[in-house]
Structures are given as C-alpha cells and as structure tokens.
Amino acid sequence: MTTPAYLNALRAFEAAARHQSFSAAAAELNVTPAAVGQQVRNLESWLGIELFTRAGSGSTRLMLTDAARAALPDIRDGFDRLSRGLARLKDTTVHAGLTITVSPAFAAKWLLPRIERFQQVYPDLNVLLDTNSRTVDFQAERIDVGVRYGSGKWQGLTAVHLMDEVMFPVCAPDFPLLEGEQLSAEALHKCTLIHDLSMANDPDFPTWRMWLDASGNAGVKSDHGLRINNSAAVLQAAIDGQGLALARSVMVKDDLSSGRLIRPFTDKGLDCPLTQAYYVVYRPEYGDLPKVQAFRNWLLNEVGKGGSDA
C-alpha cells in the first residue's frame with residue numbers, strides 16, 4: 001500500500017471509528033460511504049485483521065474490535081501531530097488562517113462590531129469565523145480558537161476566563177409605558193415580557209420569574225409574552241419595541257451605549273448574577289501558536305484584563 005493511500009485509509013478508519021458510521025465519516029471527509037468502506041477494507045486487508053464488527057441493525061452499526069480500540073489513540077495522536085505540524089508551517093506564511101468558533105448571538109452582538117480592530121492589527125491573518133449554536137469538535141472541524149459560554153470546563157480544551165455578566169431588564173427608549181425612562185410597578189403588569197430561551201436547559205440561568213420575585217414584583221405574571229431562543233434576537237425584539245427583555249450584560253453593552261436600549265430600572269442591586277461566564281478556548285497543544293496567542297491576547301485586551309488559565 002502506497003503512503004498516500006495508507007494515510008487516506010487511516011483517516012477513513014479514524015473518522016468511521018469516531019462516528020461509528022461510514023455515512024457520517026463520508027460526510028465529514030466529503031467522499032461517498034462506499035469509498036470510506038473500501039478504504040477501511042483495504043486497511044483491514046493490509047493489516048490482516050478486522051477493525052470493526054458490523055451489526056445488522058440498531059443505532060450503532062460499527063463496533064471497534066479490541067485491537068482497533070487499543071490502536072486508535074495512537075492513530076489519533078499521529079493525525080493530531082500532523083495537523084499541528086501543518087498549522088505551524090502555515091502559521092509562518094503571509095496568508096496564515098485563523099478559524100474561530102463562536103455562537104451566532106455572541107458574533108452578532110459582541111465580536112463582529114469589534115473584529116475589524118483585530119484585523120487592523122493583523123492584516124495578513126485571514127480570519128474564518130464559524131458561527132454555530134452547537135458545540136463543535138475542535139479537532140474534527142479544524143478549529144484554532146473559540147469563545148464559549150459556560151463553566152470553563154470542556155474536555156480537551158484550555159479555557160481562559162474572559163468575561164462575567166449579569167442580567168437585567170431593558171427596553172426601547174420610546175417604549176410607550178415609560179415615564180421619564182423609568183417603568184413603574186403598575187406599568188410592569190402591562191408589559192409584554194420577552195423571554196430568552198437560549199440557555200433554557202440551565203437551571204441556574206435567570207428567568208423573568210426569578211427577577212420578578214427578587215425585585216419585589218412577585219404579583220406580576222411571567223407565563224406570558226414572547227419567547228425567543230437566541231439572545232441577539234431577544235435584544236432586537238426589544239429594540240423594535242415589542243416588549244421588555246431580560247438582557248445579558250455582555251450582549252446588550254453596545255445597544256445600551258448607542259441608546260438603542262435603556263435600563264428602565266436603575267437599581268443595580270436587582271441585577272441577576274450569572275454563574276457561567278465567557279471563556280477563550282483552544283486545544284492545549286495550540287496554545288503557543290502565534291495566531292492563537294494573538295487572538296487570545298487581543299480578546300483579553302478588548303475587555304481590559306490580563307487573563308489567566310482556568
């Protein structure tokens with residue numbers, strides 16, 4: 001077996017093992033499932049052993065043999081080292097690329113309004129911004145660095161604390177129920193509440209019910225209003241005058257500064273602190289790449305802090 005074919009077969013095997021599916025591996029590698037299956041069979045023939053046991057039905061059609069399971073970590077480490085080596089070579093070229101993953105909401109409300117400043121400092125660094133709501137696999141999807149919101153603990157990633165945030169109500173400056181840019185307790189009963197469902201699976205994420213109870217407005221009903229599963233869209237609805245939003249401070253910062261939104265309750269003692277935070281994340285072995293260091297340090301400078309690993 002020639003070296004290129006050997007590497008291609010190993011790549012097909014690794015992807016099929018990770019997905020437990022020839023079809024999913026084919027989608028990742030941009031080939032047909034038949035091609036993946038043939039590569040795996042060629043590798044099995046060359047090695048003289050089986051790599052998978054193939055079930056006739058069920059959700060898991062491919063199961064690793066004991067020999068394949070034992071060898072897989074070394075094979076993955078080999079591909080990892082190749083990727084790092086190529087990244088280091090590419091990082092020395094004029095047209096080095098930096099692939100960044102962030103959520104669509106964080107991109108729209110925080111990163112995109114600022115990313116031009118990064119590109120002005122590093123004009124020869126080509127930035128590819130991957131905006132994705134799901135948790136991406138940094139290795140499989142060749143991600144260099146990202147910003148994640150959570151506890152700061154993600155397997156296989158270094159996390160550097162970036163920003164904390166709180167939640168508080170906001171509305172448009174021309175919201176009809178305002179009296180001198182403030183909302184009375186009576187007006188609050190009449191407001192359409194805009195609910196942020198982007199973190200609905202997190203029991204610690206503040207809700208309107210929590211804020212109303214904590215602010216002494218327990219009598220206001222919270223089971224009505226507009227429900228949206230994207231923080232940026234929540235703020236846009238508030239900007240459009242559709243109601244009162246419970247906003248995340250990082251997401252709403254620019255809208256408050258520009259006057260697109262205001263805080264109708266000025267008592268900051270009523271802010272809801274969030275237990276989760278924003279982190280710069282990257283694979284540990286990529287931490288010394290100049291392009292990753294450049295983006296990490298720029299982010300930390302943008303929020304005015306030195307930063308430390310979490």
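The structure presented is a predicted model; accordingly, all values stated were derived computationally and were not measured. One is the number of the first residue; the rest follow in order along the sequence.
- Taking CZ from Phe52 and OG1 from Thr65, the interatomic distance works out to 8.5 Å, rounded to the nearest 0.5 Å.
- When all heavy atoms of Gly152 and Ala159 are compared, the closest pair comes out as O-CB, 3.4 Å.
- In this structure, NE2 on His195 lies 6.5 Å from NE2 on His224, to the nearest 0.5 angstrom.
- Atom CG of residue Leu300 and atom CG of residue Leu162 lie 6.0 Å apart, to the nearest 0.5 angstrom.
- Contact check for Thr131 versus Ser103: no side-chain heavy atoms found under the 4.5 Å cut-off.
- When every heavy atom of Ile143 is checked against every heavy atom of Val145, the shortest pair comes out as CG2-O, 3.5 Å.
- Taking the centre of each ring, Phe295 and Phe118 come in below the 6.0 Å mark.
- Sequence neighbours left out, the pairs with a member in residues 225-236 that pass side-chain hydrogen bond (donor to acceptor under 3.5 Å, both in side chains) are Asp196-Ser231, Ser198-Ser231, Ser231-Arg248, Gln236-Asp240.
- Counting heavy atoms from C-beta on, the side chains of Ser215 and Phe265 never come closer than 4.5 Å.
- Using a 4.0 Å cut-off between charged side-chain N and carboxylate O, Glu141 and Arg134 make a salt bridge.
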For this session: Take Tyr122 and Asp124 through the test side chain to side chain contact (heavy atoms under 4.5 Å, CB included) and record every step on the way to the result.
Result: CA-CA 6 Å; Tyr122 300 96; Asp124 295 326; over 6 Å; no
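- Annotation: the span from Met63 atom CE to Arg69 atom CZ amounts to 6.5 Å, rounded to 0.5 Å.
- Residues Ile194, Leu226, Ile228 make up the rest of the hydrophobic cluster containing Val234, defined by ILVMFWY side-chain heavy atoms closer than 4.5 Å, directly or through other members.
- The cluster map of Ile, Leu, Val, Met, Phe, Trp and Tyr, joined by side-chain heavy atoms under 4.5 Å apart, puts Trp208 and Met210 in different clusters.
- Here the two rings, on Tyr282 and Trp154, have centers that are 6.0 Å apart or farther.
- Linking ILVMFWY side-chain heavy atoms closer than 4.5 Å, directly or via other members, places Val303 and Val147 in a single hydrophobic cluster.
- Contact check on Arg114 versus Asp254 returns a salt bridge, with a Lys/Arg side-chain nitrogen under 4.0 Å from an Asp/Glu carboxylate oxygen.
- Going from atom SG of Cys171 over to atom CD1 of Ile239 covers 11.5 Å, rounded to the nearest 0.5 Å.
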Can Tyr279 and Ser151 be said to form a side chain to side chain contact (heavy atoms under 4.5 Å, CB included), step by step?
CA-CA 9 Å; Tyr279 293 84; Ser151 65; over 6 Å; no
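- With Asn42 as the partner, the side-chain hydrogen bond (donor to acceptor under 3.5 Å, both in side chains) test is satisfied by one option alone out of Gln39, Glu44, Gln38: Gln38.
- Considering CZ of Arg142 and CG of Asp137, their distance stands at 11.5 Å, rounded to 0.5 Å.
- Each of Leu197 and Met251 belongs to its own hydrophobic cluster when Ile, Leu, Val, Met, Phe, Trp and Tyr are linked at side-chain heavy-atom distances under 4.5 angstrom.
- Under a cutoff of 6.0 Å and an axis angle of 45°, Arg11 and Phe79 do not form a cation-pi pair.
- Ser257 places a side-chain N or O within 3.5 Å of a backbone atom of Lys253 that can act as its donor or acceptor partner.
- Between Asp223 and Arg209 there is no salt bridge, since none of the side-chain N atoms of the basic residue sits less than 4.0 Å from a carboxylate O of the acidic one.
- Nearest approach of Leu274 to Pro206, heavy atoms of both residues: CD2-CD, 2.9 Å.
- Between Asn132 and Pro104 there is no side-chain heavy-atom pair separated by less than 4.5 Å.
- Residues meeting the side-chain hydrogen bond (donor to acceptor under 3.5 Å, both in side chains) test with Asp267, sequence neighbours left out: none.
- Minimum heavy-atom separation, Pro169 to Leu246: N-CD1, 3.9 Å.
- Closest non-hydrogen pair, Ala70 versus Pro73, comes out as O-CD, 3.5 Å.
- Counting all heavy atoms, side chain and backbone alike, Ser222 lies closest to Leu212 at CB-CD1, 3.8 Å.
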Please evaluate residues Lys221 and Leu193 with respect to the criterion side chain to side chain contact (heavy atoms under 4.5 Å, CB included), reporting the C-alpha separation (whole Å), side-chain torsions for both, the decisive distance (0.1 Å), and the verdict. CA-CA 9 Å; Lys221 294 182 179 179; Leu193 302 182; over 6 Å; no
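- Under a hydrophobic-cluster definition in which Ile, Leu, Val, Met, Phe, Trp and Tyr are linked whenever side-chain heavy atoms come within less than 4.5 Å, directly or via other members, Val102 and Leu128 are assigned to different clusters.
- Relative ring orientation between Tyr278 and Tyr149 is described as tilted, the plane-to-plane angle lying within the 30° to 60° band.
- Ion pairing between Glu181 and Arg263 fails under the 4.0 Å rule for side-chain N and carboxylate O.
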With side chain to side chain contact (heavy atoms under 4.5 Å, CB included) as the test, would you mind laying out the steps for Met199 and Gln276 before giving the verdict? CA-CA 11 Å; Met199 299 287 291; Gln276 299 186 341; 2.8 Å; yes
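- The pair Asp271-Lys268 does not meet the salt-bridge criterion, since no charged nitrogen lies less than 4.0 angstrom from a carboxylate oxygen.
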